[in-house]
Amino acid sequence: MRCSVRCGAVLPRSFYARPAIEVAKDLLGKILVHGETAGRIVETEAYLGLADAAAHASRGRTPRTEVLFGPPGHAYVYLIYGLYECLNLVAEPEHSPGCVLIRALEPLAGIETMRRRRGGITRIEQLANGPGKLTRAMGITRRQNGADVTRGSLTVHVPERAEAFQTGVSRRIGITRNPDPPLRFFIQDNSCVSRMPRSLSSPPAR
DNA sequence: CAATAGATCATCT
DNA sequence: GATGATCTATTGC
């Protein structure tokens, strides 16, 4: 029993073989599936590669960044702060190391499994509303580094019924280098987005 | 509600 | 040896 969620075709490699910014925007609303768990992607960030000082690949090809320089449509999973794993999807053609960080999901399937992995968090919006949280909730680790996301147990699908939404934009979160361009994209007003920037969150109309 | 300390380790200098 | 594309708990207002 795989993909117990209503989801359609797997995104083909050609989807990923485009500029990281386009891929980041277009991944919003798509369905990430890993084993019995699945979630709707509601927040992403683009990392542009060599010209992007905040990107791991900006300092060139190293053992860790090897997969970023490979073909698109593969997972790049790394350990951050010694504690959490972050999931990226490799974009752009081979040898161009752009990628997209998956920052938040709206849980759709395997909710009880996610709750167990997340140490008893009960509220659905808090199960996967951050890059370290969603990997833990879905059981994604560095074992999936380099995995082909166009086939296998970790895949991204088109939803069977697309829901309309507005795309919000902001600067990336947790980037200390300045200035940082607006490369974070999220589904406007979705409760599973990790943090609504003050500049964009509408004040309570009154 | 906002700010911050602490956890913890692979990676690169 | 310093540094993070983070998260949680705790403290302070």
Side-chain angles (χ1 to χ4, degrees), chain A residues 16 19-21 23-25 27-28 32 39 41-70 72 74-92 96-105 107 114-146 149 168-186 191-204 206:
Chain A
Y16 301 97
I21 292 181
V23 177
K25 289 182 194 168
L27 276 171
L28 294 178
L32 180 70
I41 297 172
V42 299
E43 179 180 346
T44 61
E45 281 177 0
Y47 286 84
L48 308 184
L50 299 172
D52 181 356
H56 289 170
S58 69
R59 286 184 284 285
R61 204 161 178 150
T62 68
R64 180 175 63 162
T65 61
E66 190 66 26
V67 58
L68 291 172
F69 289 82
H74 289 255
Y76 167 53
V77 186
Y78 70 93
L79 185 70
I80 185 67
Y81 297 113
L83 289 169
Y84 301 96
E85 328 245 358
C86 288
L87 169 68
N88 297 254
L89 302 179
V90 178
E92 311 199 352
S96 179
C99 69
V100 176
L101 171 68
I102 308 300
R103 281 198 57 92
L105 301 174
M114 293 189 187
R115 285 207 175 99
R116 176 167 46 76
R117 289 173 175 154
R118 291 272 295 121
I121 295 281
T122 50
R123 292 178 54 189
I124 293 208
E125 319 89 69
Q126 296 185 165
L127 287 175
N129 61 336
K133 301 181 197 178
L134 75 90
T135 52
R136 187 152 297 180
M138 295 193 74
I140 295 168
T141 70
R142 279 163 289 167
R143 279 186 59 181
Q144 276 74 45
N145 188 45
V149 298
V169 182
S170 80
R171 288 171 55 182
R172 295 176 292 190
I173 290 180
I175 303 296
T176 51
R177 298 165 194 275
N178 277 306
D180 195 56
L183 292 174
R184 172 177 178 250
F185 306 98
F186 54 91
S191 62
C192 299
V193 169
S194 69
R195 196 164 84 74
M196 284 293 183
R198 291 162 180 243
S199 57
L200 292 165
S201 64
S202 48
R206 187 127 316 226

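Labels below follow one simple rule: chain letters A, B, ... track the order of the sequence lines, proteins then strands, and each chain is numbered from 1.
- Considering only heavy atoms from C-beta on, A/E85 stays 4.5 Å or farther from A/I140 through its side chain.
- In this structure, A/L79 places its CG atom 10 Å from C1' of C/dT6, rounding to the nearest Å.
- Residues A/M114 and A/L105 have side chains not in contact (no heavy-atom distance under 4.5 Å, counting atoms from C-beta outward).
- Looking at heavy atoms from C-beta onward, A/N88 lies in side-chain contact with A/Y78 at the 4.5 angstrom threshold.
- In this structure, A/R64 reaches the sugar-phosphate backbone alone: every heavy-atom distance under 4.0 Å involves primed, P, OP1 or OP2 atoms, never a base.
- Note: CD (A/E66) to C1' (B/dC12) measures 15 Å, nearest angstrom.
- Put simply, A/R118 has a side-chain N or O that comes within less than 4.0 Å of OP1 or OP2 on C/dT8.
- Across all strands shown, B/dT13 has no partner, as no Watson-Crick or G-U wobble contact with both distances under 3.5 Å is found.
- Considering only side-chain N and O atoms, A/R103 lies under 4.0 angstrom from the phosphate OP1 or OP2 of C/dT6.
- Contact of the A/L89 side chain with the A/Y16 side chain is registered, since non-hydrogen atoms from C-beta on lie closer than 4.5 Å.
- Nucleotides of DNA chain B nearest to A/L83 and A/R142 differ in position, and the one nearer the 5' end is that of A/L83.
- Using a 4.0 Å heavy-atom cutoff across all strands shown, A/I175 reaches sugar-phosphate atoms only and no base atom.
- Side-chain N/O atoms of A/Y81 and base N/O atoms of B/dA7 include no donor-acceptor pair closer than 3.5 Å.
- The minimum heavy-atom distance between A/A24 and A/A46, with the atom names listed, is CB-CB, 4.0 Å.
- Here A/G132 lies in heavy-atom contact (under 4.0 Å) with sugar-phosphate atoms only.
- Atoms CZ (A/R184) and C1' (C/dT6) sit 14 Å apart, rounded to a whole Å.
- Rounded to a whole Å, the CG atom of A/L127 is 14 Å from the C1' atom of C/dC7.
- Pairing for B/dA7 is with C/dT6, a Watson-Crick or G-U wobble pair whose two hydrogen-bonding atom distances lie under 3.5 Å.
- In this model, the phosphate group of C/dA5 is approached by a side-chain N or O of A/H56 to a distance below 4.0 Å at OP1 or OP2.
- Atom OH in A/Y84 sits about 11 Å away from atom C1' in B/dG6, given to the nearest Å.
- A straight line from CD1 of A/I121 to C1' of C/dT8 spans 9 Å, rounded to a whole angstrom.
- To the nearest angstrom, P of B/dT8 lies 15 Å from CD of A/E85.
- Spacing between atom CG of A/L134 and atom C1' of C/dT6 amounts to 12 Å, rounded to whole angstrom units.
- Evaluation of A/Y47 against the base of C/dA5 yields a stacking contact (centre distance < 5.5 Å, interplanar angle < 30°).
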